[in-house]
J.: 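Next up is a structure, given as structure tokens.
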Amino acid sequence: MKWILFFGALIGLSICGREKFFGDQVFRINVRNGDESSKLSQLVNSDNLKLNFWKSPSTFSRPVDVLVPSVSLQSVRSFLKSQGLEYSVTIEDLQALLDNEDEEMQHNEGQERSSNNFNYGAYHSLEAIYREMDSIARDFPALVSRVKIGHSFENRPMYVLKFSTAEGRRRPAIWLNAGIHSREWISQATAIWTARKIVSDYGKDPALTSILEKMDIFLLPVANPDGYVYTQTQNRLWRKTRSLNPGSACVGADPNRNWNASFAGEGASDNPCSEIYHGPHANSEVEVKSVVDFIQGHRNFKCFIDLHSYSQLLMYPYGYTIKKAPDADELDEVARRAAKALASLSGTTYQVGPTCTTVYPASGSSVDWAYDNGIKYAFTFELRDTGHYGFLLPANQIIPTAEETWLGLKTIMEHVRDNLY
Amino acid sequence: MPPAASTPPAPRPGAPRPAALLLALALSLAGPGLQAAGPGPGSPGVPGVAGVPPPGLLRQAARAALHFLNFRAGSPSGLRVLAAVLRGRAATMRNPPALCFSVPLVISLGGSSVVGIFHQISSQNHVDARRTCRVDLEFTAERYGPEADGRLGRCSARVVFRRQQPRPAVNVTCARFMETSRRRREDLLLYKRAKRLRAPPGATSMPDSHGWIDPSLRPMWDLAFLGSSYVMWERTTQTLHYYMAQLSSVNQWKTNEDAIDFDYTVLLHEFSTQEIIPCRIHLVWYPGKPLKVKYHCQELHTAQEGSGTEGG
């Protein structure tokens, strides 16, 4: 990494007219005394070797770096050997190194960073996400607090960020849920970006500011912390929780089949080894129960949005039945506007519709539970992409995804703000 | 997958179809404010076969068609994926043909009682996987991969799903989105790059956890997808479809002879079960020649393992 700055300086000094450095090497020559220094001067003065000194041999007792073109390697080696000059090869192929660094720089290009250098354009460990949540809350104490709503099966904390301008009053609230399926990494990544976006734009973006004047936002970036850690350490494609199933070697239940909305209905499995195992009973998964208890205790949620990947879909209830939800027409209209807003940024198209027919029947889902519990504005996002990378979405798509999703989220939140019930 | 507790019994041959019963019931209750939205015109009392199939079924058919097309074309530079379904219809193969999906007949009468009855009678799984289903459709496809330039090609296909059996019968035609000569050139270039490629060590995942694919290894990825297309075609049914989630290991990459001999394992992501299926695939590819491929997929907790081979 430090080579990038080094090169930035040296390219300016480099041999004019040459752009590629295939096979060129960098020698670091140890100059220990004046004698060696004068020997090195001979090398310097030899035009035909076409050497390029990165650090000039002006003072001795400092190592000297020399870029040796591939054609001169043999001669230089012989010379150094014959003069007894000590050296090492610090770069074996300059072009290869430059190519690598290029890639890395392109990788990092456009990455936004917070003040303590959390790279929003990369995927992070659970600890890093939790640290950043804490950091956001400490940076904006009047607006944000980090709230522990419970713990996971393996006893990890479940942290939520609460965005509120209310000072104690319990306003109508919006719940943003992310990372319930641990392998859907773009979900957690979008959520933490969204957290930073909210604090950055409050007071600047009139729409967001007016939303927060009337409502609170609760954001749960990692609804399944055990699963997330498992995807980082053991199996990148793990989906479920990590709870133990008595009598079965298989671990975990699908936390998005575990909610009390047509629990154990169609589109879920009673086999603990299945990826859509609904669990022994509704809310058996402590991660789900923590959210249920919090929301029910609060009693004033108006909107529940669950972020998943992949498929590029924006859906509303129901998943557990083909029956049309009473508010389906309104939800459909809002979803279409949100999808349009989302697409306006980069042209990413989302399909809109009720879960059951848009993707497949699914019972016990969070959004259906929310809806059946009086939270009218209940939506599921399936974020990028449509199957090319699937769960393994490249990190360079995190920020574009988060940015476009934000436009969709705002459309929904504005509608909720204007249609409080 | 175990059926839901309230799955209704299947209609017996000869018994009036549930939707027909319901339509009769609804019509008998008809009064002001009755609206019925259902399939298109057909003989009175029986839902017409020109009914609008669920969009999911058409997408399934399109995917099956494209996997089949990709495999048969044998061209890693010419891989296509679904852009959008334009239109289609689906029917059983019987005479007279009937729907191979349940109709979401929506009747609003001011109360919910009629809808409730419908909900009980109809098959909740609205794609009826018990029947053979012939789907005729038109859709657009685009080029697979980062070189996709937004250009769409139009395709039409007939796909027959047989009662959840593998290997849907496919007849598909797509307009070319790339001239044949250009595709051949690109295949040749890919072949040359592949020949110079050294396989990464054993269990290197592609993409890695962060979605990164080394651009120099792209030919390997494209060939892996080509081989997977065969597997995914075979396994696609009315209700199951697949994406290639990851190339999880390269067992052998032989380029010393004319053809590329590639033995690898992919992880397929299965909808709607959400399962990850490891499949070991062995393919032999030479530009312009039909692809030779055999595979074996592991089923982790259900009974069916699956294997197949094509092209000897």
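Letters go in sequence order (proteins before strands), and every chain restarts at 1. When reading the values below, keep in mind they use all heavy atoms of this one structure, side chains included, and skip hydrogens, waters and symmetry mates.
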J.: Sort Ile213(B) into side chain, backbone, both or neither according to what part of it lies under 4.5 angstrom from a heavy atom of chain A.
T.: side chain
J.: Considering only heavy atoms from C-beta outward, does the side chain of His388(A) approach that of Tyr243(B) to under 4.5 Å?
T.: no
J.: Look at the side chain of Glu275(A) and the backbone N and O of Thr273(B), then say whether any donor-acceptor pair between them is shorter than 3.5 Å.
T.: no
J.: Nearest 0.5 angstrom please: Leu392(A) CG to Leu247(B) CG, how far?
T.: 11.0 Å
J.: Among residues 221-231 of chain B, which ones touch chain A with a heavy-atom distance under 4.5 Å?
T.: Trp221(B)
J.: Among the options Gln232(A), Gln351(A), His181(A), pick out the one with the most heavy-atom pairs lying under 4.5 Å from chain B.
T.: Gln351(A)
J.: Write down the atom of Tyr389(A), the atom of Gly211(B), and the distance for their closest heavy-atom approach.
T.: CE2-O, 3.7 Å
J.: Would you name the heavy atoms of Ser209(B) and Trp185(A) that are closest together and state the gap between them?
T.: O-CZ3, 3.5 Å
J.: Of the backbone (N, CA, C, O) and the side chain (C-beta and beyond), which part of Thr386(A) lies under 4.5 Å from a heavy atom of chain B, both, or neither?
T.: backbone
J.: By a 4.5 Å heavy-atom criterion (distance strictly below it), what part of Tyr123(A) contacts chain B: side chain, backbone, both, or neither?
T.: both
J.: If you measure from CG on Asn396(A) to NE2 on His210(B), what distance do you get to the nearest 0.5 Å?
T.: 13.0 Å
J.: With a 4.5 angstrom heavy-atom cut-off, which part of Thr349(A) approaches chain B: side chain, backbone, both or neither?
T.: neither
J.: Could you give the distance from CG (Leu57(B)) to OG1 (Thr357(A)), rounded to the nearest 0.5 Å?
T.: 13.0 Å
J.: Check His269(B) against Arg183(A) and note the closest heavy-atom contact, atom names and distance.
T.: NE2-NH2, 3.7 Å
J.: In the structure I gave you, are the side-chain heavy atoms of Ser274(A) and Glu275(B) within less than 4.5 Å of one another anywhere?
T.: yes
J.: Where does Phe271(B) contact chain A at under 4.5 Å (heavy atoms): side chain, backbone, both or neither?
T.: side chain
J.: Could you look at Ser248(A) and say if it's the side chain, the backbone, both or neither that has a heavy atom under 4.5 Å from chain B?
T.: neither
J.: In residues 233-240 of chain A, which residues are in contact with chain B at a heavy-atom separation under 4.5 Å?
T.: Arg236(A), Leu237(A), Arg239(A)
